[in-house]
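As structure tokens, the structure follows; a few thoughts come after it.
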Number of protein chains: 2
Amino acid sequence: MNAIVNTRVPFEILTSLAPQLDVPNDGRPVPLSFFHAGSEIYAQGEKVASHYQIEFGAVRIYRLLADGRRQITAFHLAGEMFGFEADLAHHFFAEAIVTTGLRTFRPVAGLDRSRELLPLALRCMVRAQEHLLVVGRQTAIERIAAFLIDMADRQGELTQIELPMSRQDIGDYLGLTIETVSRVLSRLRDRGVLKFHGLRSLEIRKPETLRSLCE
Amino acid sequence: MNAIVNTRVPFEILTSLAPQLDVPNDGRPVPLSFFHAGSEIYAQGEKVASHYQIEFGAVRIYRLLADGRRQITAFHLAGEMFGFEADLAHHFFAEAIVTTGLRTFRPVAGLDRSRELLPLALRCMVRAQEHLLVVGRQTAIERIAAFLIDMADRQGELTQIELPMSRQDIGDYLGLTIETVSRVLSRLRDRGVLKFHGLRSLEIRKPETLRSLCE
DNA sequence: AAATCCCTTAGGACATAACCGAATTTCGCA
DNA sequence: TGCGAAATTCGGTTATGTCCTAAGGGATTT
């Protein structure tokens with residue numbers, strides 16, 4: 001996985017880094033594009049033009065109900081790929097959570113990528129299905145615990161976690177309100193399970209307690 | 001889609017039908033196997049040996065928590081394929097809901113099926129992600145409405161629905177208890193939206209009302 | 001046709017998490 | 001370092017859905 005995770009680098013500096021990051025792929029340079037925090041990468045209903053690999057930063061994939069309720073179906077971190085769809089149109093929205101650099105892969109006519117794409121799609125599928133168990137059948141504290149363990153695993157660091165997303169994002173991912181997310185995190189802090197260094201940086205002090213919470 | 005949906009045919013009769021149903025595929029006959037209601041097709045942790053197409057009947061894919069809570073991640077009906085996994089082991093359980101006939105596809109060494117499998121895997125992925133929105137952000141009545149509309153769409157018939165699964169199955173699919181499922185269905189019946197012909201056979205009397213419930 | 005069993009429905013008490021309003025903290029920016 | 005806006009946290013109240021118990025209904029078996 002990429003070493004640069006969820007940093008808040010000013011946009012100007014990023015642009016100057018572009019030439020170094022823009023390494024060739026399959027003999028052809030793949031363009032690297034930048035997205036400010038909160039900016040849209042693609043929208044639901046849009047035609048699928050390419051898929052993406054995250055060079056640095058983080059992305060949220062989500063869907064909206066008519067009254068504004070939002071479900072985030074996935075977070076993607078540095079090194080991961082996203083943007084696959086079942087047909088020609090996007091079924092979800094994708095937004096940069098923080099300043100994010102993406103490598104864009106456009107499909108090449110006549111070139112069959114299904115052999116490489118299949119394992120990635122399968123992994124996405126299993127992840128979504130496993131997340132269903134969390135959202136459908138676990139309590140608030142179990143959901144938060146599962147989320148923190150997942151984030152820790154994906155960031156490599158076992159005890160130190162950087163959260164690129166807001167409490168609202170976490171709530172919309174876990175099917176909880178922002179208040180419940182905040183309350184549960186505070187309770188875990190008070191119990192000595194977590195220690196915060198700022199709002200979005202934390203340390204797991206009792207990994208075994210956290211793990212026992214999601215059964 | 002196959003015409004035979006969710007019928008309760010005695011096992012003996014099914015066996016006698018086997019020769020007719022066992023049509024060749026790729027010049028080689030694909031074996032058809034039968035499963036009684038409730039019998040296991042594969043278990044979580046088992047090595048993936050093949051994937052399956054449903055000739056008739058219905059299948060539930062699920063996962064369990066240590067204390068017995070269950071989340072059904074998908075129902076599969078006649079004509080559909082299932083059993084794909086991200087690696088060599090099954091991440092979920094699969095069970096026949098009613099008496100079910102399956103066509104089993106074993107991977108052939110040296111034969112790359114990813115081109116055919118990718119669209120199926122992507123469809124499964126999108127379906128799971130869309131289901132996340134239902135389970136994570138919708139109310140009980142909205143979930144039931146979405147479920148009924150999905151079942152109607154997949155069975156071809158627009159107003160007549162046969163439910164192969166129990167109320168418990170529906171609850172475990174939608175993240176609700178059996179009582180809530182029952183209560184909501186009764187309320188929809190009392191409101192004249194649904195009309196039941198037995199417990200597992202129903203008619204949508206007001207499709208537009210149902211549709212307006214999931215926004 | 002009767003009996004049994006299991007699934008389903010119903011009703012009430014309870015609990016978890018949502019909702020509402022407000023105080024507090026954090027972080028970007030000067 | 002200090003200011004201000006935004007995000008987060010906190011407390012109280014409410015509602016939705018769960019839990020528990022019991023009654024009802026349908027299907028299968030004999």
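Below, chains carry the letters A, B, ... as their sequence lines are ordered, and counting in each starts from 1. Atom set for the values below is all heavy atoms of this structure, side chains included, hydrogens, waters and symmetry mates excluded.
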Query raised in the report: Touch check for A/Ser186, heavy atoms < 4.0 angstrom, all strands: base, sugar-phosphate only, or nothing?
Result: sugar-phosphate
**Report entry** Euclidean distance, atom CD1 of residue A/Ile178 to atom C1' of D/dC10 [Å, nearest integer]
**Finding:** 13 Å
Query raised in the report: To the nearest Å, how far apart are A/Arg69 CZ and D/dT16 C1'?
Result: 13 Å
Report task. Specify the separation, in whole Å, of atom CZ of B/Phe196 and atom P of D/dG24. Result -> 20 Å
Query raised in the report: Taking the nucleotide of DNA chain D with the closest heavy atom to each, which residue, B/Val181 or A/Arg189, is nearer the 5' end?
Result: A/Arg189
Report task. Scan side-chain atoms only and decide if B/Thr159 and B/Glu203 contain a donor-acceptor pair under the 3.5 Å cut-off. Result -> no
Query raised in the report: Given atom CD of A/Gln138 and atom P of D/dT18, what is their separation to the nearest angstrom?
Result: 15 Å
Requested in this report: Record whether the side chain of A/Glu179 comes under 3.5 Å of the base of C/dC20 through a donor-acceptor pair of N or O atoms.
Outcome: yes
Requested in this report: Let me know, please, whether A/Arg137 or A/Leu199 comes out on the 5' side of the other along DNA chain D by nearest nucleotide.
Outcome: A/Leu199
Query raised in the report: Contact class for A/Gly198 vs. all strands (heavy atom < 4.0 Å): base, sugar-phosphate, or nothing?
Result: sugar-phosphate
Query raised in the report: Does the ring of A/Phe75 carry A/Arg60 above it, NZ/CZ under 6.0 angstrom from centre and within 45° of its axis?
Result: no
Report task. Hey, which sits more toward the 5' end of DNA chain C by its nearest nucleotide, B/Met165 or A/Ile141? Result -> B/Met165
Query raised in the report: Just how far, in rounded Å, is P of C/dT8 from CD1 of B/Ile170?
Result: 8 Å
Query raised in the report: Is the phosphate of D/dG17, meaning OP1 or OP2, less than 4.0 Å from a side-chain N or O of B/Thr177?
Result: no
Query raised in the report: When you check the phosphate oxygens OP1 and OP2 of D/dT18, does a side-chain N or O of B/Thr180 lie under 4.0 Å from one of them?
Result: yes
Report task. Would you kindly say whether A/Glu46 and A/His90 are connected by a side-chain donor-acceptor distance under 3.5 Å? Result -> no
Query - Length of the CD-C1' vector between B/Glu142 and D/dT16, whole Å - result: 12 Å
Report task. Evaluate the side-chain hydrogen bond (donor to acceptor under 3.5 Å, both in side chains) criterion for residues B/Ser186 and B/Arg189: first the C-alpha distance (whole Å), next the side-chain angles of each, then the deciding distance (0.1 Å), finally the verdict. Result -> CA-CA 5 Å; B/Ser186 298; B/Arg189 164 175 47 76; 3.3 Å; yes
Query raised in the report: When all nucleic acid strands are considered with a 4.0 Å heavy-atom cut-off, which category describes B/Gly171: base, sugar-phosphate, or nothing?
Result: nothing
Query raised in the report: Are the aromatic ring centres of A/His131 and A/Tyr173 under 6.0 angstrom apart?
Result: yes
Requested in this report: Measure from NE2 on B/His197 to P on D/dA27 and round the result to the nearest Å.
Outcome: 13 Å
Query raised in the report: Contact class for A/Leu185 vs. all strands (heavy atom < 4.0 Å): base, sugar-phosphate, or nothing?
Result: nothing
Query - C/dC27 OP1/OP2 closer than 4.0 Å to side-chain N/O of A/Arg200 - result: no
Requested in this report: Whole angstrom is fine here: how far is it from CD in A/Gln168 over to C1' in D/dT9?
Outcome: 14 Å
Requested in this report: Between B/Arg183 and A/Arg143, name the one whose nearest nucleotide on DNA chain C is closer to the 5' end.
Outcome: B/Arg183
